[in-house]
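Everything on this sheet refers to the single structure shown next.
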Number of protein chains: 2
Amino acid sequence: MKTAPRAQDVAALAKVSQSAVSRTFTPGASVSEETRRKVLAAAKMLGYRPNALARSLITRRSRIVALVMSYLDNQFYPLVIEQLSQRLQKAGYHVLMFIAEVDEEADGVLAEILDYQVDGIIMASANLSPRLANSCADLGVPVVQFNRVMEQRGRGRSKISSVTSANESGGRMAARLLVERGYRRIALIAGLENASTSIERERGFTDELAVLEMRLWNREVGHYDFHRAQEATQRLFAGDERPDGLFVANDHMAIAALDMLRQELNLKVPEDVGVIGFDDVPQAAWGAYRLTTVRQDLEPMIDATVALLCQQMTGELRPADIVVPCALVERATVRQRPPSTA
Amino acid sequence: MKTAPRAQDVAALAKVSQSAVSRTFTPGASVSEETRRKVLAAAKMLGYRPNALARSLITRRSRIVALVMSYLDNQFYPLVIEQLSQRLQKAGYHVLMFIAEVDEEADGVLAEILDYQVDGIIMASANLSPRLANSCADLGVPVVQFNRVMEQRGRGRSKISSVTSANESGGRMAARLLVERGYRRIALIAGLENASTSIERERGFTDELAVLEMRLWNREVGHYDFHRAQEATQRLFAGDERPDGLFVANDHMAIAALDMLRQELNLKVPEDVGVIGFDDVPQAAWGAYRLTTVRQDLEPMIDATVALLCQQMTGELRPADIVVPCALVERATVRQRPPSTA
DNA sequence: CTGAAAGCGCTAACAC
DNA sequence: GTGTTAGCGCTTTCAG
């Protein structure tokens, strides 16, 4: 267990100064072809690679980006991790992962993140307190929230960026489809009361219902959790006057609802009740579900997130809020046309 | 955008030396209650926290652990990420995440990892070349492979650790169950030809079949991929003499097979064909599938991984290979008793 | 283009 | 217990 070779060692072997070694490993530094060759040869011999920590200490750029997440049981987020890390890796950054407890404000973890001098932070499905948003801004560490926005949206220039899909508009689409297909007693399962995604989807949904001169039949909260969504479904369908249409704030819960509806309550979907989810996770397309849903377009969301963060890290851009359109994906949990008896 | 306060600044404000500041932030260093109080007060005023990079440079311990993964579409791995990061966080480590392309050897990414002076490496569902395994060992960076073992298993003292479940024994269980329940034309869908999980599960399965004086009816490779598993299923059931029992190397593919069997081929499970998966991912329990499967017991696997790594990082332990038992989970894709006509 | 020298922010001897 | 000092491995002036 020998210790790793240092620039000094390479310099000695190549018979050049240590700074020459540094320069060969610094893109865009001026070194003669001759020295570069010697250094590279010596480096290869020793298996030398620059110590990223020491480099960061002096350059004040760690090339590390923190990614804060929760809800990994919702398959949407693994996809986010996968794509984000790959894109960030390609851009020359490395990802420090933090799992935040669901529903807690991620403040504790954030202090630790900052200790590592990260160049930027991505918060996905995690809430950032305004206080910490400020201290990040003060330190010049850009933050982009993914799929979440801060409470006082729109009020004044926010200091942190966000990338979300058009949740409200997605909610509207769901409402329109359900009504158009002849469902009349329409209920909703919300996600988390304090999550902007859930709030916005619900608002869009109920607003559009109002436009169509209908009212929400009933409402329960599923906390973006599989089991709790099943309980919510049960409660929704416990009374005599059962709903016949259901909008669920995400696919993960919609699938839970579907299982409950079919296996436990012996209801037929889409005949007895129509169901719409949100996200379009891979499972929504699985043969046993074929869930009609509102798609969040992951790729442009990732693109925007990485672009936004990178530009802010290089100081090219100020914080911004980006909204990516949603699209309705019709599969088999909403009927194709209103029942002829209607 | 002010720059972060340094220990120097705190020292000045508290009217003590800079080393006093360092000591108050070093657990187990000797500082009088008096100084400690002054330093803490000053630190709070300025919002000081030690720079982890600078600290690591000198202590030669970064408290960073690298986690290399792929296959995030298999829900087993998001769970692994979630649990591992939480446990590592609790142990005072931070997680640098890398997504490796499926099927490539993760050598490229590993060099970058080592640049960051990580204290340890966990490779989950990713293959490490023996060459790099050696260079990690040389550098004194412990590696534990999660759910994968190196090719030349058993031969001499390996330099890196592994945590796996008893894949072979799991495969045997599957074979026994299928035969016991009267299935006779038994086929298999393998994962990846070069993945130890797939190889071992298959070996256990066919070996046990042999013990029971049966032979594998047919075999296809699904590459641990949803779509390719569906194609494999199609091929398996294309001929005249269809299999009536199917062991699939993981749940992710088993679900794909189930969809294909029921939706496309109009076969009844478990009547026409019995299906067994491997892993027991959350989706296997979903109402629409209720997949009979071999459970990998995640918690003890995580425990072992974290314990192993931590002990090796502190030098308490040499590399080891740990194998966690599997358990059969019966649900609804294998019939309860052999058909009476048999 | 190259080497010498300073120093990033911190910890760890070492004297006192 | 405390301050002083010497680096950790590297980048970056600054002369030459």
Side-chain angles (χ1 to χ4, degrees), chain A residues 2-40 42-43 46-64 112 114-119 139-141, chain B residues 2-40 42-43 46-64 112 114-119 139-141:
Chain A
K2 57 181 179 268
T3 172
R6 296 154 307 138
Q8 198 58 251
D9 306 328
V10 178
L13 183 60
K15 300 201 193 309
V16 295
S17 77
Q18 192 256 70
S19 5
V21 177
S22 172
R23 288 201 259 269
T24 17
F25 284 94
T26 306
S30 56
V31 218
S32 72
E33 202 41 60
E34 168 73 358
T35 351
R36 155 179 236 85
R37 213 182 29 67
K38 286 196 292 187
V39 169
L40 253 24
L46 301 174
Y48 170 79
R49 308 206 91 219
N51 179 326
L53 262 32
R55 168 180 283 173
S56 299
L57 189 57
I58 188 160
T59 59
R60 300 154 157 279
R61 335 192 80 264
S62 61
R63 305 208 68 88
I64 296 177
E112 289 190 32
L114 293 171
D115 293 351
Y116 279 89
Q117 317 298 114
V118 297
D119 290 345
L139 287 164
V141 179
Chain B
K2 56 182 177 268
T3 172
R6 296 152 309 136
Q8 198 57 254
D9 306 328
V10 179
L13 183 60
K15 299 200 194 310
V16 294
S17 78
Q18 192 254 66
S19 10
V21 178
S22 171
R23 288 204 256 274
T24 39
F25 284 94
T26 306
S30 56
V31 219
S32 74
E33 202 40 61
E34 169 73 359
T35 5
R36 157 178 233 85
R37 213 182 29 69
K38 286 195 294 190
V39 168
L40 253 24
L46 300 175
Y48 170 79
R49 307 206 93 221
N51 179 327
L53 263 31
R55 168 180 283 170
S56 300
L57 188 57
I58 189 161
T59 59
R60 299 152 158 282
R61 336 192 79 262
S62 62
R63 305 209 66 90
I64 297 177
E112 290 190 31
L114 293 171
D115 292 352
Y116 279 90
Q117 316 297 112
V118 297
D119 291 345
L139 287 164
V141 179

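Here is how names work: the chains are called A, B, and so on, in the same order as the sequence lines, proteins then strands, and each is numbered from 1. Atom set for the values below is all heavy atoms of this structure, side chains included, hydrogens, waters and symmetry mates excluded.
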Whole-Å gap separating [atom2] ([N]) and [atom1] ([X]):
X	N	atom1	atom2	result
B:L53	C:dC8	CG	C1'	11 Å
A:R6	D:dG7	CZ	P	12 Å
A:R55	D:dT11	CZ	C1'	9 Å
A:R63	D:dT11	CZ	P	13 Å
A:D115	C:dC8	CG	P	20 Å
A:D9	D:dC10	CG	C1'	13 Å
B:K38	D:dG3	NZ	C1'	13 Å
A:Q18	D:dC8	CD	C1'	12 Å

Below 4.0 angstrom from OP1 or OP2 of [N], is there any side-chain N or O of [X]?
X	N	result
A:S30	C:dC1	yes
B:S19	C:dT11	no
B:Y116	D:dG9	no
A:T35	C:dC1	no

When you measure from the side chain of [X], which nucleotide among [options] comes out closest?
X	options	answer
B:T26	D:dC10, D:dG3, C:dT11	C:dT11
B:I58	C:dT11, D:dG9, D:dT11	C:dT11
A:A7	D:dC10, C:dT11, D:dT11	D:dC10
B:T59	D:dT2, C:dT11, D:dT11	C:dT11
B:A54	D:dG9, D:dG3, C:dC10	C:dC10

- Message: Counting the atoms with a prime plus P, OP1 and OP2 as sugar-phosphate, which does A:V21 contact under 4.0 Å by heavy atoms, base, sugar-phosphate, or nothing?
- Response: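 The answer is nothing, as A:V21 stays clear of every strand by at least 4.0 Å.
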- Query: Which part of the nucleic acid, if any, lies within contact of B:F25, taking any heavy atom under 4.0 Å across all strands shown: a base, the sugar-phosphate backbone alone, or nothing?
  - Reply: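 Counting heavy atoms under 4.0 Å across all strands, no contact is made by B:F25.
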In the structure I gave you, are the side-chain heavy atoms of [X] and [Y] within less than 4.5 Å of one another anywhere?
X	Y	result
B:L40	B:R36	yes
B:R60	A:T3	yes
B:K38	B:V16	yes
B:T26	B:V31	no
B:Y116	B:L53	no

- Message: Both B:K15 and B:L57 contact DNA chain D. Taking the nearest nucleotide for each, which residue is further toward the 5' end?
- Response: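 With B:K15 and B:L57 compared, the 5'-side residue is B:K15.
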- Task: Classify the side chain of B:R23 and the base of D:dG3 as holding, or not holding, a donor-acceptor pair under 3.5 Å.
- Result: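 It does, because a donor-acceptor pair links the side chain of B:R23 to the base of D:dG3 below 3.5 Å.
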- Task: Mark yes or no for whether B:S19, through its side chain, and B:S22, through its backbone, hold a donor-acceptor pair below 3.5 Å.
- Result: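 Side chain of B:S19 to backbone of B:S22: no pair is present.
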